[in-house]
Protein chains: 2
Amino acid sequence: MKNHRTTIHDIARELKIDSSTVSRALNNNSKVTAKTKAKVIAKAKELGYQRNLLASNLRQSKSNTIGVVVPRISRYFFSTVIAGIEESAFKTGFNVVICQSQESLEKEQAIIKNLISNRVDGVIISIAMETQNGEHLKQLKNNGIPLVFFDRFCPEVQESSQVLIDDQQAAYDAVNHLISQGCSKIVHFSGPQTLEIYKNRLRGYKLALLENNLPFKEELVINSPLMEANGYEETQKLLDAKIDFDGIFSANDIAAIGALKHLKEKGKRIPEDIAVIGFSNEPSSKVIEPPLSTIDQSAFEIGKNAYDLLIDNIKRGEKEVLHKTITLKSTLLARGSSLRKK
Amino acid sequence: MKNHRTTIHDIARELKIDSSTVSRALNNNSKVTAKTKAKVIAKAKELGYQRNLLASNLRQSKSNTIGVVVPRISRYFFSTVIAGIEESAFKTGFNVVICQSQESLEKEQAIIKNLISNRVDGVIISIAMETQNGEHLKQLKNNGIPLVFFDRFCPEVQESSQVLIDDQQAAYDAVNHLISQGCSKIVHFSGPQTLEIYKNRLRGYKLALLENNLPFKEELVINSPLMEANGYEETQKLLDAKIDFDGIFSANDIAAIGALKHLKEKGKRIPEDIAVIGFSNEPSSKVIEPPLSTIDQSAFEIGKNAYDLLIDNIKRGEKEVLHKTITLKSTLLARGSSLRKK
DNA sequence: GAAATCATTACAATCGATTGTGATAATATT
DNA sequence: AATATTATCACAATCGATTGTAATGATTTC
């Protein structure tokens, strides 16, 4: 009997009124007397009533919930974006379900399917490394569910909104910074070229070289999944191959930290022998010695903006969805790993 | 019209069969011919059908979903536990909704209420620092929703399951290790004494002192929310007050890192002047210089065990719920911040 | 060939909350 | 006082899927 959840019908029966009145009372509808409301609310508390959101959402065909999909929550950038989203959501009474794709397309597809089936009102996503086409994302549009990308977006999905930073510019700034510190042979650790962010960071890298009349060398660009082990091993390979370089621009901090560790083990002086700069401003970057220069993406702001964009489109209904791209500013944080001059 | 989601009734109408048959076909029920199933599945795909889980769950009064509540996902320990939970959940076809309380009781209450309203099948939780009583958690039991604690549990909630480590033992080991490295005046950074884990870590600290015939001094135990700033500032206060100490055992890594930073700034040699050990094995702990000694809690295993416990109780129904406490082993990682001897 | 058996499918109730409309009672208007 | 107007509440349909039972048709048995 423990399992019997009290419903509005239970309350109605005890109070000898109709369940519709109970429903209206609980929703503070003006068609119900204050006296009746009080009675209903008292009884509801007495019976430990908890609204069945499944039923409520089914009836209203909305869930008051948005889905957030990120590659992995253990990345500080992503968890900070989520914190930004949640702060706004909490204020406006929306619920947030957090999902991680683990960089896997298969999981991402399963997640999207599940979100649709659960009738979320909108989705905010940063796609997985494996994701190359957006078929599963188009499903969202087919179901009239607004979608907002942040950071890693999918250009194939037409008419979408996104919150980004200017990756090319940020990369350009990063590489320019290394050059200003005297680097001329700069390695670039990049990610899958299927993702726009990595393409753009590579473009920024090239542009900075070009503008400084430095040669672009194919062998200095290294693609990998950018895990710490990748940074470590690729650095090892570079050293083993006796490739001449004096700077590393890594498309994320994690790989940069891997590189740093290997360089230190090999007795390289940082930044004197090799200057290093990462991307994303992970907490570890402040902590490592020397502290890692990086790009701060104002993750919390990205979250808030993405949420606002999404809510705006949810409110609009599917009448006239607005498709905009918000570009937030990023900040170069020059720290010990690249600052050669006082 | 874009907003019209296809239902089993749409499929039924087009195929001129009943919706119940469609439902059974989609659920691969043996009462439906293979031929009919094929037709239904084809049509479902054609129309882009996605099962409405709200309706399905409402009817079956279960959601195939479990809720996970943690203080904050940006802590590596928690995101790793979640990864462990999700790995198992994915295999067994359960969905996981991740929620963060931000250490706030109010948020935690709102989350629990929402999970109940969404009729999750079970909940795994590590409670917020603010949480002192378990009224909101008892609501879960009242609704027949199984609950499993991990790490931070609530002793007030009787008859519950939990996955823990032996905090007292781990703390004892940590402090013993400091003593073995020659420390005799050891500071302890502790958290809110309302949480068992911090009480137990303090007990372990005391026990280690006692067994080594070292005096326990009240002023060397400092309670705080254990953020990085707390570690930094409390260390500053200790130094300013010229309190004599040669070791720090911090109840988490974050505060230990704050302490380490301040000590380094003040030119203290670590571990020679002051040896430091933290708790939880955050990624930053490996990266900081010197690397921070710490306790590894095998977070991933905790997640898997908590999930197994929960599923077991879900399967059981509310007949005869099993209440057990699983204690996993933790590992002392002695690193540069405390190792004085070769 | 009629009766019996079994496999398929249709019918209808159900999960719990919401909401348009109709009924009743209370108040206001003339 | 009789009618008009509200305020309050009850009735019943609905959201979409599931499921026990009844109905239909096909196949088998004697």
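So that the names make sense, note that chain A is the first sequence line, chain B the second, and so on, each numbered from 1. Values below: every heavy atom of this structure, side chains too, minus hydrogens, waters and symmetry copies.
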Between A/S56 and C/dT18, is there a contact of a side-chain N or O with OP1 or OP2 at under 4.0 Å? yes
Closest to the B/Q60 side chain: D/dT19, D/dT8, D/dA10? D/dT19
Judged by modelled atom types alone, do B/E108 and B/T131 share a side-chain donor-acceptor pair under 3.5 Å? yes
Whole-Å distance separating the NE2 atom of B/H9 from the C1' atom of C/dC11: 12 Å
Donor-acceptor pair, distance only, cut-off 3.5 Å: does the side chain of B/D121 make one with the backbone of B/S63? yes
Shortest side-chain distance from A/L58, nucleotide among D/dA10, C/dA17, D/dG16: D/dG16
Distance-only donor-acceptor test (3.5 Å): side chain A/R24, base C/dG20: yes
Which nucleotide, D/dA17, C/dT18, C/dG16, lies nearest any side-chain atom of A/S23? C/dT18
Interatomic distance where CZ belongs to B/R119 and P belongs to C/dC15 [whole Å]: 13 Å
By nearest nucleotide on DNA chain C, pick out whichever of A/A55 and A/K31 is the more 5' one. A/A55
Using a distance-only test with no angle check, is there a side-chain donor-acceptor pair under 3.5 angstrom linking B/S160 and B/Q162? yes
Taking B/K43 first and then B/E14, would you say they form a salt bridge - that is, a charged N and a carboxylate O separated by under 4.0 Å? yes
Scan A/K37 against the nucleic acid and name what it touches under 4.0 Å (heavy atoms): base, sugar-phosphate only, or nothing. nothing
If you find the nucleotide of DNA chain C closest to A/L53 and the one closest to B/S19, which residue's nucleotide is nearer the 5' end? B/S19
I need the CG-C1' distance between B/N64 and D/dT18, as an integer number of Å. 15 Å
CZ of B/R59 versus C1' of C/dA17: gap in Å, rounded? 16 Å
Nearest-nucleotide pick for A/I8, side chain only, options being C/dA12, D/dA17, C/dA17: C/dA17
Distance in angstrom units between A/Q50 CD and C/dA17 P, rounded: 11 Å
To the nearest Å, give me how far apart NZ (B/K39) and P (C/dT8) are. 13 Å
Just call it for A/V32: base, sugar-phosphate, or nothing, with non-hydrogen atoms closer than 4.0 Å on any strand. sugar-phosphate
Take atom CG of A/N118 and atom C1' of D/dC15, then tell me their distance rounded to the nearest Å. 15 Å
Look at all strands and tell whether B/N57 reaches a base, only sugar-phosphate, or nothing, counting heavy atoms closer than 4.0 Å. nothing
So what does A/I17 touch, heavy atoms closer than 4.0 Å: a base, only the sugar-phosphate, or nothing? sugar-phosphate
Per nearest nucleotide of DNA chain D, the residue lying toward the 5' end, A/D18 or B/R51, is A/D18
Nearest-angstrom distance from the residue atom CG of A/N52 to P of C/dT14: 17 Å
About how many Å separate CD of B/Q109 and NE2 of B/H136, when rounded to the nearest 0.5 Å? 5.5 Å
Is it true that B/K37 and B/N28 share a donor-acceptor pair across their side chains at a distance under 3.5 Å? yes
D/dC9 base / A/S20 side chain donor-acceptor hit below 3.5 Å: no
